[in-house]
There are 2 protein chains.
Amino acid sequence: MHLKEAGIDEGISEVIVTTKSASGEPNAAPIGIIAVTNKDENNYFVRLYKTSKTFSNVQETDKLAANVTNDAVLFVEAAFEPLSESQFSLFYDFPVLKEANSWILFDCAFSEKTRETFVFRLTSLAVKINRKEVKAINRGLNAVIEAAILATRNAITEGERDWAEREKLMALYARIVEKCGGRREKEALKILREKT
Amino acid sequence: MHLKEAGIDEGISEVIVTTKSASGEPNAAPIGIIAVTNKDENNYFVRLYKTSKTFSNVQETDKLAANVTNDAVLFVEAAFEPLSESQFSLFYDFPVLKEANSWILFDCAFSEKTRETFVFRLTSLAVKINRKEVKAINRGLNAVIEAAILATRNAITEGERDWAEREKLMALYARIVEKCGGRREKEALKILREKT
């Protein structure tokens with residue numbers, strides 16, 4: 001199956017990546033799956049921070065699952081807190097998120113590294129589509145994702161000017177969520193504010 | 001049918017609104033459909049600028065169609081230029097966009113007005129789902145939408161400081177499209193740059 005059908009398209013697809021440790025402990029984190037398009041063929045990669053739980057799990061098991069979802073709350077929860085056991089299901093004995101619209105289980109092969117990150121090349125092992133839908137663009141959902149990315153960036157390396165810029169952007173994203181979001185986006189913003 | 005199934009959910013759903021004049025000339029413009037949620041019931045509204053073609057068409061026919069799509073190019077084209085005849089189809093004799101994932105034909109009833117806008121209450125007359133899909137969030141798509149909204153705002157009423165802020169945001173959105181977008185998002189950004 002072409003991964004586009006399962007929701008992973010050109011550019012960077014923002015998904016929740018689930019992994020497990022050698023001892024079977026599940027983890028979830030919002031991460032981008034990078035498609036590098038060459039003619040009409042896509043090659044898939046992921047860039048992981050060396051300090052992340054996702055990275056150490058991938059080192060231990062050589063696998064990760066991409067969970068495609070539009071749920072703003074799930075993105076924010078996965079960014080800031082461990083998900084509860086009841087939010088996970090199993091797909092080929094690998095932890096995935098019950099509520100995801102699709103699951104793609106990937107094999108991960110080392111591709112390159114930088115000072116802070118490792119890049120892995122992804123090969124899909126199994127794909128499951130749970131739910132197809134029609135959904136109009138909601139600017140509030142987008143704003144929650146941008147705010148979560150901004151909030152999880154390392155604040156220590158930033159100067160005062162960057163910090164002021166960041167606060168201005170956070171206020172802009174919050175206004176968009178309040179104006180355009182539905183209940184899930186507003187709930188996600190509330191969690192984000194409590195965590196940052 | 002609940003409109004959520006057709007892609008119109010809580011908060012503001014960004015769609016392409018198609019209308020026709022009394023003489024049958026079709027028009028398309030990106031506009032938000034506003035859902036006001038009361039308990040579990042949604043009421044739908046749209047706010048139209050008095051100077052817009054969409055407004056004069058709604059005055060003439062009392063109808064509009066919401067076209068749900070994720071296509072960045074379609075959004076930017078509809079914002080900046082008339083669509084070609086070949087991009088339209090007919091749904092209950094009303095112009096809609098061939099490529100949309102769903103169509104909702106609405107009756108429009110006057111609700112309230114401000115100095116620059118009229119608000120209409122929307123009642124769905126007919127719904128058609130053309131295509132359901134799974135699609136991961138793409139930050140590039142979101143950034144195109146934000147950039148298009150920023151570009152179509154009335155520049156005349158803005159001071160120099162606002163203009164500098166706006167240029168800074170435009171540059172941020174362009175960076176996100178370049179980094180995260182697929183071919184359609186990059187094509188949309190190119191059109192947007194040519195038009196502004």
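Reminder, nothing fancy here: chain letters follow the sequence lines and each chain counts from 1. Heavy-atom basis, side chains included; hydrogens, waters and symmetry copies ignored.
- The side chain to side chain donor-acceptor pair (under 3.5 Å) contacts involving residues 136-146 of chain B comprise Arg139(A)-Glu146(B), Asn142(A)-Asn142(B), Glu146(A)-Arg139(B), where partners must be two or more places apart or lie in separate chains.
- In the hydrophobic clustering of this structure, Ile145(A) does not group with Val177(B); members are Ile, Leu, Val, Met, Phe, Trp, Tyr whose side-chain heavy atoms approach within less than 4.5 Å, directly or through other members.
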Return a table of donor-acceptor pairs under 3.5 angstrom between the side chains of residues 104-113 of chain B and protein atoms on other chains or two or more places apart.
none

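- At a threshold of 4.5 Å between side-chain heavy atoms, the hydrophobic network of Ile, Leu, Val, Met, Phe, Trp and Tyr places Val119(B) and Phe55(B) in two separate groups.
- Contacts with chain B were tallied for Gly32(A), Cys180(A), Ala143(A); Cys180(A) has the most, counting heavy-atom pairs under 4.5 Å.
- Hydrophobic clustering keeps Val96(B) apart from Ile129(B) (ILVMFWY residues linked when any side-chain heavy atoms are closer than 4.5 Å, directly or through intermediates).
- Taken together through direct or relayed side-chain contacts under 4.5 Å among Ile, Leu, Val, Met, Phe, Trp and Tyr, Val36(B) and Tyr44(B) form parts of separate hydrophobic clusters.
- The CG atom of Leu169(B) sits 9.0 Å away from the NZ atom of Lys168(A) when rounded to the nearest 0.5 Å.
- Taking non-hydrogen atoms and a 4.5 Å limit, the residue list of residues 9-26 of chain B in contact with chain A, ordered by number, reads Asp9(B), Glu10(B), Gly11(B), Ile12(B), Ser13(B), Glu14(B), Val15(B).
- In Glu187(A), the CD atom is crowded: over 12 heavy atoms of neighbouring residues, nucleotides or ligands sit closer than 6.0 Å.
- By a heavy-atom distance cut of under 4.5 Å, Val68(B), Thr69(B), Asn70(B), Phe75(B) are the residues of residues 57-87 of chain B near chain A, going up by number.
- Shortest non-hydrogen contact noted between Arg183(A) and Thr37(B) is NH2-CG2, 3.6 Å.
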> Can you check side chain to side chain contact (heavy atoms under 4.5 Å, CB included) on Glu5(A) and Glu133(B), steps first, answer last?
Replying inline: CA-CA 7 Å; Glu5(A) 265 184 78; Glu133(B) 59 182 9; over 6 Å; no
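- Under the 4.5 Å side-chain contact rule for hydrophobic residues, Phe91(A) and Phe88(A) do not share a cluster.
- Within a 6.0 Å radius of NZ in Lys179(B), other residues, nucleotides and ligands contribute 12 heavy atoms or fewer.
- The contact between Ile176(A) and chain B is made entirely by side chain atoms (from C-beta outward), counting heavy-atom distances below 4.5 Å.
- The nearest pair of heavy atoms linking Ser102(B) to Val134(A) is OG-CG1, 3.7 Å.
- Ranked by heavy-atom pairs under 4.5 Å with chain A, the first of Leu172(B), Ile137(B), Leu141(B) is Ile137(B).
- Proximity to chain B is limited to the backbone of Lys4(A), based on heavy atoms less than 4.5 angstrom apart.
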